[in-house]
Structures are given as structure tokens and as C-alpha cells.
A.B. asks: 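Take a look at the following structure, please.
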Amino acid sequence: MSKGRLISFEGLDGAGKTTQMQLLEQWLAARNIPYVRTREPGGTPLGVEIRHLLLNRPDLAITPLAEAFLFQADRAQHFTNVIIPALEAGKLVITDRCFDASIAYQGHARGVGIELVARLSVIATQGHIPNLTILLDLDSDQVRARTDTANDASGLREQQTRFDAEEEQFHRRVREAFLALARIYPDRIKVLDASRPPQQIHEQIVALVEPLLEDR
Ligand code: TYD
């Protein structure tokens with residue numbers, strides 16, 4: 001059995017994952033707790049190429065099923081080369097997204113099917129599941145305001161992606177699926193209200209992460 005711990009961050013784009021991951025990194029660094037930070041898609045050199053195809057090539061037509069497989073190809077490479085070795089070395093891994101995103105975006109919002117995407121996820125992850133998933137929840141109206149790059153004061157966001165360009169209905173479906181997953185897996189997926197002040201959210205995250213570190 002792996003000794004490491006895997007924590008994933010999920011939510012609609014613009015919910016504040018980047019800010020919260022940075023705050024958690026600072027918290028870990030201040031306590032000399034070693035960790036590996038990574039992301040999906042794009043946590044490996046192959047993944048960086050796949051990420052570019054998936055997000056920043058609006059000229060390229062990608063079918064929903066092909067999209068689902070591309071995310072899983074990224075994930076297969078990521079788990080084999082980055083996440084599983086880190087967990088086996090007893091490390092703490094924090095990842096910006098994991099397979100719940102595939103279930104919500106491809107399985108539900110794109111209509112590929114939740115069961116199929118869940119099956120592909122088990123194969124790609126070799127059965128590994130995050131110990132904790134932080135779901136930063138925000139309604140799609142607020143998300144719209146935040147993902148508009150023109151409104152982004154932080155300068156942290158990349159250019160608009162293929163997903164940012166989707167209709168509001170699409171983002172509503174993604175949120176619906178994330179919340180449904182959180183109801184099915186309440187022990188693993190913790191829903192935090194992303195409209196609250198960042199510092200308060202950070203404190204909630206620390207309260208969820210600390211117990212995981214204690215029993216390592
Ligand atoms: P992310 O890096 O979180 O984007 P951002 O930092 O811009 O919020 O994720 C990129 C996009 O890919 C995001 O819109 C969600 C989507 N995505 C899926 O559709 N399926 C997946 O399996 C993953 C991991 C991400």
C-alpha cells in the first residue's frame with residue numbers, strides 16, 4: 001500500500017484553485033513539509049503537449065470521446081511517471097485537478113457518459129484515488145465574471161481556453177456533476193464555498209489537510 005497522500009483541487013474555472021493552491025504551498029513550506037505540486041492536464045512533458053491540443057487549439061475539431069481519451073492519456077502518463085512514484089516514496093502530492101474533472105466535464109457536461117469516463121479513469125490511475133478532494137464551489141454566474149480574462153486582476157490566468165468559451169449551460173452541468181460526486185463521496189470530496197474570502201477558505205483547507213498529515 002502507498003504511504004503517500006494525494007490531494008486534488010477541483011471546481012469550475014475561476015473558482016480560485018490557483019490562489020488556494022498557492023496559499024496551501026506557502027503553508028506547507030513554512031512548516032518544512034515536503035510536497036509535490038502537479039496538474040492535469042499538463043503534469044508531464046507529454047501532458048504539456050496534450051494540454052495545448054485540448055485547451056488552446058480552437059481551430060482543431062475534437063469529438064467528445066476523443067477529448068475524453070486525450071484527458072485520460074494525459075492522466076495515464078501523469079500517474080505512471082509522477083503521481084504513483086511520489087506516493088510510493090511516501091510524498092504528499094497536491095494536484096490541480098484529477099479524474100473528477102473528467103467525470104464532470106467529459107462524462108456529464110459533454111455527454112460521454114459518467115460510467116464510461118469513470119471506467120477509463122480507473123484504468124488511467126491504476127486504481128489510485130485522492131485521499132482528499134477540495135471542491136471549490138461557485139455558481140456559474142460568478143464564474144463567468146471571474147473567467148473573463150479582461151476582469152482578471154491577478155494576471156495568473158492563461159489565455160481563454162476552449163472550456164472558458166463554452167455556454168453557461170455547460171458550466172452549470174459541470175457544477176451539477178461535481179456536487180453530485182460530492183454527495184456520493186462525502187468522505188473524500190469536501191465542498192467549500194468559493195465566494196468566501198480567500199483567507200477563510202484557506203483556513204478551511206488547512207483544517208482538512210492537517211489530519212491527513214498527522215497519520216502519515
Ligand atoms: P485547469 O488547468 O484547471 O484550467 P484553469 O487553470 O484555466 O482553470 O483545467 C483546464 C481545463 O480542462 C478546465 O477547463 C477543466 C478541463 N478539464 C477537463 O475537461 N477534463 C479533465 O479531465 C481535466 C483534468 C480538466
A.B. asks: According to a 4.5 Å side-chain heavy-atom criterion applied to Ile, Leu, Val, Met, Phe, Trp and Tyr, with indirect links allowed, do I7 and V206 form part of one hydrophobic cluster?
C.D. replies: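 Both belong to a single hydrophobic cluster.
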A.B. asks: Below 4.5 Å, heavy atoms only, C-beta onward: do Q106 and P64 meet side chain to side chain?
C.D. replies: no
A.B. asks: What distance separates Q20 CD from Q199 CD, expressed to the nearest 0.5 Å?
C.D. replies: 8.0 Å
A.B. asks: Can you check side chain to side chain contact (heavy atoms under 4.5 Å, CB included) on I134 and E10, steps first, answer last?
C.D. replies: CA-CA 6 Å; I134 309 271; E10 299 284 4; over 6 Å; no
A.B. asks: Before accepting this row, confirm whether a basic side-chain N of the pair R110/E166 lies closer than 4.0 Å to the acidic partner's carboxylate O.
C.D. replies: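 A salt bridge links R110 with E166.
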A.B. asks: Under 4.5 Å between any side-chain heavy atoms of F79 and P85, yes or no?
C.D. replies: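 When only atoms from C-beta onward are counted, P85 and F79 do not touch, as no gap falls below 4.5 Å.
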A.B. asks: List the steps, then state whether side chain to side chain donor-acceptor pair (under 3.5 Å) holds for S8 with T133.
C.D. replies: CA-CA 5 Å; S8 61; T133 297; 2.8 Å; yes
A.B. asks: With a 3.5 Å cut-off and no angle check, do the side chains of T95 and E40 form a donor-acceptor pair?
C.D. replies: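 Result is no, nothing qualifies.
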A.B. asks: For H108 and I103, run side chain to side chain contact (heavy atoms under 4.5 Å, CB included): C-alpha distance rounded to whole Å, both residues' side-chain angles, the deciding distance at 0.1 Å, then the answer.
C.D. replies: CA-CA 6 Å; H108 188 60; I103 293 175; over 6 Å; no
A.B. asks: Which value, rounded to the nearest 0.5 Å, describes the distance between R162 atom CZ and L53 atom CG?
C.D. replies: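 So the gap between those two atoms works out to 9.5 Å.
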A.B. asks: Please report the interatomic distance CD(Q77) to OG1(T44), rounded to the nearest 0.5 Å.
C.D. replies: 4.5 Å
A.B. asks: Could you check L116 against L65 for side chain to side chain contact (heavy atoms under 4.5 Å, CB included), going step by step and ending with a plain yes or no?
C.D. replies: CA-CA 10 Å; L116 172 58; L65 186 60; 4.0 Å; yes
A.B. asks: Between the side chains of R172 and E176, is the shortest nitrogen-to-carboxylate-oxygen separation below 4.0 Å, so that they form an ion pair?
C.D. replies: no
A.B. asks: Is E167 paired with R173 through a side-chain N to carboxylate O contact shorter than 4.0 Å?
C.D. replies: no
A.B. asks: Can D74 and R97 be counted as an ion pair, charged N to O under 4.0 angstrom?
C.D. replies: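 So D74 does not pair with R97 through a salt bridge.
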A.B. asks: Minimum heavy-atom separation for A86 to V36, with atom names?
C.D. replies: CB-CG2, 4.3 Å
A.B. asks: Are Y35 and V209 connected in a single hydrophobic cluster, I mean Ile/Leu/Val/Met/Phe/Trp/Tyr linked by side-chain heavy atoms less than 4.5 Å apart?
C.D. replies: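 Looking at the clustering, Y35 is in the same group as V209.
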A.B. asks: May I ask you to decide if the ring planes of F71 and F163 are parallel, tilted or perpendicular, using 30° and 60° as cut-offs?
C.D. replies: tilted
A.B. asks: Measuring from atom CD of Q72 to atom CD1 of I50, what distance do you get when rounded to the nearest 0.5 angstrom?
C.D. replies: 10.5 Å
A.B. asks: Cluster question for you: counting only ILVMFWY and a side-chain heavy-atom cut-off of under 4.5 Å, with indirect links fine, are F99 and L46 together?
C.D. replies: yes
A.B. asks: Identify the two heavy atoms, one from H171 and one from D164, that lie closest to each other, and give their separation to 0.1 Å.
C.D. replies: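 Where H171 meets D164 most closely, the heavy atoms are NE2-O, 4.0 Å.
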A.B. asks: Just do the side chain to side chain contact (heavy atoms under 4.5 Å, CB included) check on E203 and W27 with the steps written out, would you?
C.D. replies: CA-CA 10 Å; E203 282 159 22; W27 185 88; over 6 Å; no
A.B. asks: Measure the spacing between CG of D139 and OG of S195 and express it to the nearest 0.5 Å.
C.D. replies: 8.0 Å
A.B. asks: If hydrophobic clusters are built from ILVMFWY residues whose side chains come within less than 4.5 Å, do L208 and L28 share one?
C.D. replies: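 In one cluster: yes.
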A.B. asks: Aromatic rings F178 and Y105: how do their planes relate, parallel, tilted or perpendicular, breaks at 30° and 60°?
C.D. replies: perpendicular
A.B. asks: Does any non-hydrogen side-chain atom of L192 lie less than 4.5 Å from one of D137?
C.D. replies: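 Of all side-chain heavy-atom pairs linking L192 with D137, none is under 4.5 Å.
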A.B. asks: Under a single-linkage definition using a 4.5 Å side-chain heavy-atom cutoff for Ile, Leu, Val, Met, Phe, Trp and Tyr, are V122 and I129 assigned to the same hydrophobic cluster?
C.D. replies: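 Different clusters: V122 never reaches I129 through Ile, Leu, Val, Met, Phe, Trp or Tyr contacts under 4.5 Å.
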A.B. asks: Using the rule side-chain contact (heavy atoms from CB on, under 4.5 Å), only one of I94, L92, V93 pairs with R37; which is it?
C.D. replies: I94
A.B. asks: So with a 6.0 Å cut-off around CZ of F69, is the heavy-atom count from everything else above 12?
C.D. replies: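 For F69, atom CZ is not crowded (no more than 12 foreign heavy atoms under 6.0 Å).
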A.B. asks: Within a strict 4.5 Å, meaning less than it, do heavy atoms of the L179 and L135 side chains meet?
C.D. replies: yes
A.B. asks: With rounding to the nearest 0.5 angstrom, report the CG to OG1 distance, L136 to T18.
C.D. replies: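 That separation rounds to 10.0 Å.
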